[in-house]
Amino acid sequence: MIEWPPEKIKDFQTTLLNWYDDAGRDLPWRQDHEPYHVWVSEIMLQQTQVQTVIPYYQRFMKWFPTVTALAQAPEERLLKAWEGLGYYSRVRNMQRCARQLLADYDGQWPQTAAELSDLIGIGPYTAGAIASIAFNEPVPAVDGNAYRVFSRLLEIDADITKPGTREIFEDVISQLISKERPGDFNQAIMDLGASYMTARQPDTAHSPVKRFNQAYLDGKELDYPVRTKKPRPQPIDYVAVVTKMGPDWLMAQRSSKGMLANLWTVPLIKLSDLDLAEDYTVNELITATVAYFKRDYQLDLTAEALAVRPVTHTFTHQKWTIQLLTGQVVPADLAFFAGKTVSATALAQLPMPKVQTKIWDRYHSSQG
DNA sequence: TATTCGTGGAA
DNA sequence: TTTCCAAGAAT
């Protein structure tokens with residue numbers, strides 16, 4: 001598969017690892033090779049940049065220093081630790097994995113990628129990363145950096161957005177990886193991908209492995225990696241009802257499935273769930289929302305429009321446009337409402353998504 | 001296999 | 001403002 005002769009492979013490994021020893025990043029999760037530390041950092045780093053992760057990692061280790069602490073934590077505390085990181089199922093799966101470790105593995109981490117893959121939330125990449133970094137198993141850890149680096153070095157033009165492509169890279173990397181220092185090899189590739197071999201403005205002229213980089217030598221570096229582009233986010237309209245019931249805020253908890261699972265927002269209603277014509281007026285929006293509260297929540301809402309422009313928030317594949325209403329709800333039983341009333345003080349304890357922060361900001365801007 | 005899961009930064 | 005990308009996994 002690989003055309004490189006053994007001496008070139010050895011040369012590449014030595015060059016890469018020497019550079020890593022000299023210039024590898026000093027990151028909080030690199031202070032030791034504890035599997036718990038490696039695991040937490042790898043989950044946080046999924047689809048998330050190092051700079052963003054660092055403060056989250058440090059706080060997470062204070063709050064949940066061990067697998068046992070994580071297994072026993074209340075979910076609200078977990079989600080609060082993850083608030084703002086996104087992909088919230090990651091942290092809920094981490095707790096499931098922690099409990100799985102304690103129940104089925106006597107609290108001992110399995111030490112191979114194959115076994116690690118059986119744990120909840122640990123896919124092919126994370127299994128390879130933990131196995132190589134924590135347990136010195138010579139297995140690849142194919143992340144976005146590895147795709148970028150090796151597609152350029154070897155001019156691999158398989159589409160990296162296709163699930164089957166990962167195996168092509170795993171086969172190649174298995175032949176190149178250092179058997180003596182597989183964890184450092186994989187981490188060196190990540191550091192390389194984050195420095196000299198970035199997606200948009202690579203600086204291969206100064207890269208320690210530029211002489212191994214065939215795409216660079218051919219002047220085709222920016223042609224790699226090959227990926228098909230994603231579809232546009234689908235627009236969805238919502239109305240948000242910023243309201244109190246008595247002295248407390250009325251907060252809704254999202255479903256345990258789907259987007260932003262179990263997080264808290266003010267009541268959010270899709271406009272398509274309201275009885276509205278296409279060219280509705282503000283008063284019709286209010287009337288329809290009040291009717292929805294009565295019908296679905298059995299709550300009596302008096303509402304008015306907020307004189308602010310809508311909040312917009314774009315997710316990976318949805319773009320929300322949210323109109324704001326405010327008002328009061330007559331104190332009543334919340335049996336038909338998925339949520340609760342929360343004092344202003346207690347509000348800070350609830351895990352809330354970024355879009356809710358935007359709703360608060362816009363609301364406060366209207367209140368002077 | 002294709003879709004569904006967030007958010008922040010850069011251009 | 002829009003688009004793309006960043007240490008992916010579950011379904």
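A, B, ... follow the sequence lines: proteins, then strands. Residue 1 opens every chain.
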Sugar-phosphate only, base, or nothing, as touched by Trp29(A) at under 4.0 Å among non-hydrogen atoms: base

Donor-acceptor contact present, side-chain Lys210(A) to main-chain Thr204(A), <3.5 Å: no

Which residue lies more 5' along DNA chain C, comparing Lys229(A) with Asn145(A) via nearest heavy atoms: Lys229(A)

Taking only distance into account, with no hydrogens and no angle test, what donor-acceptor pairs under 3.5 Å do side-chain atoms of residues 118-134 of chain A form with protein atoms, sequence neighbours excluded?
from: Tyr125(A); atom 1: OH; to: Glu42(A); atom 2: OE1; distance (Å): 2.5
from: Thr126(A); atom 1: OG1; to: Gln46(A); atom 2: NE2; distance (Å): 3.0
from: Ser132(A); atom 1: OG; to: Gly128(A); atom 2: O; distance (Å): 2.8
from: Ser132(A); atom 1: OG; to: Ala129(A); atom 2: O; distance (Å): 3.2
from: Ser132(A); atom 1: OG; to: Asn186(A); atom 2: ND2; distance (Å): 3.0

Separation between the P atoms of dC5(B) and dA7(C), rounded to whole Å: 23 Å

Results of side-chain hydrogen bond (donor to acceptor under 3.5 Å, both in side chains) for Gln187(A) - residues two or more places apart only: Arg30(A)

First of Ile120(A) and Arg30(A) reached from the 5' end of DNA chain C, by closest nucleotide: Arg30(A)

Sugar-phosphate, base or nothing in reach of Ala199(A), heavy atoms under 4.0 Å: sugar-phosphate

Sugar-phosphate only, base, or nothing, as touched by Val53(A) at under 4.0 Å among non-hydrogen atoms: nothing

Thr52(A) side chain to Gln49(A) side chain, donor-acceptor N/O pair below 3.5 angstrom: no

Sugar-phosphate, base or nothing in reach of Arg25(A), heavy atoms under 4.0 Å: base

Cluster overlap Val242(A) with Leu285(A), hydrophobic side-chain contacts below 4.5 Å: no

For nucleotides 1-3 of chain B, which of its nitrogen or oxygen atoms have a protein nitrogen or oxygen under 3.5 Å away, and what is each distance?
none

Contact list for residues 233-254 of chain A, test side chain to side chain donor-acceptor pair (under 3.5 Å), sequence neighbours left out: none

Contact pattern, 5' to 3', of nucleotides 4-11 of chain B - B, S or - by protein heavy atom under 4.0 Å: SBBBB--S

Gln349(A) (side chain) donor-acceptor with Ala346(A) (main chain) under 3.5 angstrom: no

Common cluster, Phe336(A)/Leu299(A), ILVMFWY with side-chain heavy-atom separation under 4.5 Å: no

Separation of the C1' atoms in dG6(B) and dA6(C), to the nearest angstrom: 12 Å

Modelled atom types, side-chain donor and acceptor of Asp191(A) and Ser195(A), under 3.5 Å: no

Linked, directly or transitively: Val239(A) and Val355(A) (ILVMFWY side chains, under 4.5 Å): no

Nucleotide range of DNA chain C lying under 4.0 Å from chain A heavy atoms: dT2(C) to dA10(C)

Touch class at under 4.0 angstrom, heavy-atom based, for Lys358(A) against every strand present: nothing

Verdict with supporting geometry, Phe60(A) and Tyr56(A), ring pair (Phe, Tyr, Trp, His ring centres under 6.0 Å): CA-CA 6 Å; Phe60(A) 198 94; Tyr56(A) 282 92; 9.5 Å; no

